[in-house]
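The next block holds one structure in the form of structure tokens; read it before the comments.
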Amino acid sequence: MSHRADSLVILDFETTGLSPDVGDRAIEIGAVRLVNGEVTERFQELMNPGRRVSAFIEDYTGISNEMLVDADCCESVMDRFADFIGSDNLIAHNASFDKRFLDAELARINRTYCGDFSCSLLLSRRIFQDAHSHKLGELVRFSNIESSGGFHRALYDSEMTAKVWMKMLENIGERYGLFDIPFELIQKLTKTPKKGIDKVLSGYSC
DNA sequence: TGCCAGGCCCTCTTTAGGGCCTT
């Protein structure tokens, strides 16, 4: 199945913990669709994981058990989110984390997706090598992106990730004269050792 | 706040260990 080359979904999960392999579930999904660098759609829904979340998660995310009581179950929300994704390629900050939860939650409802995942954390380690940290909040500050500080909610973090993503593309454009950067090039960059990105990007410059 | 898991990435490396990121 082909992907929409100019359309990306940047997503972020809030969850009960760090790994679906030990029984953790999603409690919120947030996402924005970027078309030609502009946010055209947003998705945000809480979902009831079927059990109480820990005090740590309540503090960390601001999502309380009370807020989840009336939320739809994960299966219903993820079904709608699979529709939202469509055939777009996907981005997340530390994508290996979000991909594990996306795969696990969609597997429960026998749904899948066909886009490819890319990771803003891996890209930032290569493009923003001077950043002291590559945590999302630090990259927002490093990039001089205006922020209300409302991190750790799914839509907010996906919006911030999208802004950091665009800053990185702008940086590539300014440094290498590349202003139409194919997703495949980003994929290649995130698999290239830091020392090798100049060679990869110079090879694409005209 | 994170000890949980897992992939990336660096180094005193590759026959390994540990920090960084995500919740």
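Chain A is the first sequence line, chain B the second, and so forth, proteins listed ahead of strands; every chain is numbered from 1.
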What's [X] touching, base or sugar-phosphate or nothing? Going by heavy atoms closer than 4.0 Å.
| X | value |
| --- | --- |
| A/L122 | sugar-phosphate |
| A/F101 | nothing |
| A/S133 | sugar-phosphate |

Next on the checklist: Please compare A/R100 and A/I27 by the position of their nearest nucleotide in DNA chain B and report the one closer to 5'.
Outcome noted: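 Result: A/R100.
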
Checklist entry - Starting at the 5' end of DNA chain B and moving along, which residue's nearest nucleotide shows up first, A/D12 or A/K191? => result A/K191

Checklist entry - Are A/F56 and A/M67 grouped together when hydrophobic residues (ILVMFWY) are joined by side-chain heavy atoms under 4.5 angstrom apart? => result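 Same cluster: A/F56 reaches A/M67 through Ile, Leu, Val, Met, Phe, Trp or Tyr contacts under 4.5 Å.
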
Item to check | Pair A/D24-A/T16, side-chain donor/acceptor within less than 3.5 Å | outcome: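 Per modelled atom types, A/D24 and A/T16 side chains form a pair under 3.5 Å.
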
Checklist entry - Between A/R33 and A/F84, is NZ or CZ placed under 6.0 angstrom from the six-membered ring centre and within 45° of the ring axis? => result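 Output yes; distance and angle both within limits.
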
Checklist entry - Can A/E75 and A/R25 be said to form a salt bridge (Lys or Arg N to Asp or Glu O under 4.0 Å), step by step? => result CA-CA 11 Å; A/E75 289 78 4; A/R25 298 295 304 272; 3.6 Å; yes

Going by the angle between their ring planes, with limits at 30° and 60°, are [X] and [Y] parallel, tilted or perpendicular?
| X | Y | answer |
| --- | --- | --- |
| A/F117 | A/Y113 | perpendicular |
| A/Y156 | A/F151 | perpendicular |
| A/F81 | A/F13 | perpendicular |

Say you pick atom [atom1] in [N] and the same atom in [M]; how far apart are they, in whole Å?
| N | M | atom1 | result |
| --- | --- | --- | --- |
| B/dT23 | B/dC10 | C1' | 25 Å |
| B/dT13 | B/dC8 | C1' | 15 Å |
| B/dG2 | B/dG7 | P | 22 Å |
| B/dG17 | B/dT1 | C1' | 24 Å |
| B/dC3 | B/dG18 | C1' | 15 Å |

Item to check | Closest heavy-atom pair and its distance - A/I29, A/A154 | outcome: C-CB, 3.6 Å

Item to check | Nearest heavy atoms of A/M166 and A/G37, plus distance in Å | outcome: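 That would be CE-CA, 3.6 Å.
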
Checklist entry - Which is the 5'-most and which the 3'-most nucleotide of DNA chain B that has an atom under 4.0 Å from a heavy atom of chain A? => result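 The contact span of chain A on DNA chain B goes from B/dT1 to B/dT23.
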
Item to check | Proximity to DNA chain B (any heavy atom under 4.0 Å), residues of residues 136-167 of chain A only | outcome: A/L136, A/H152, A/D157

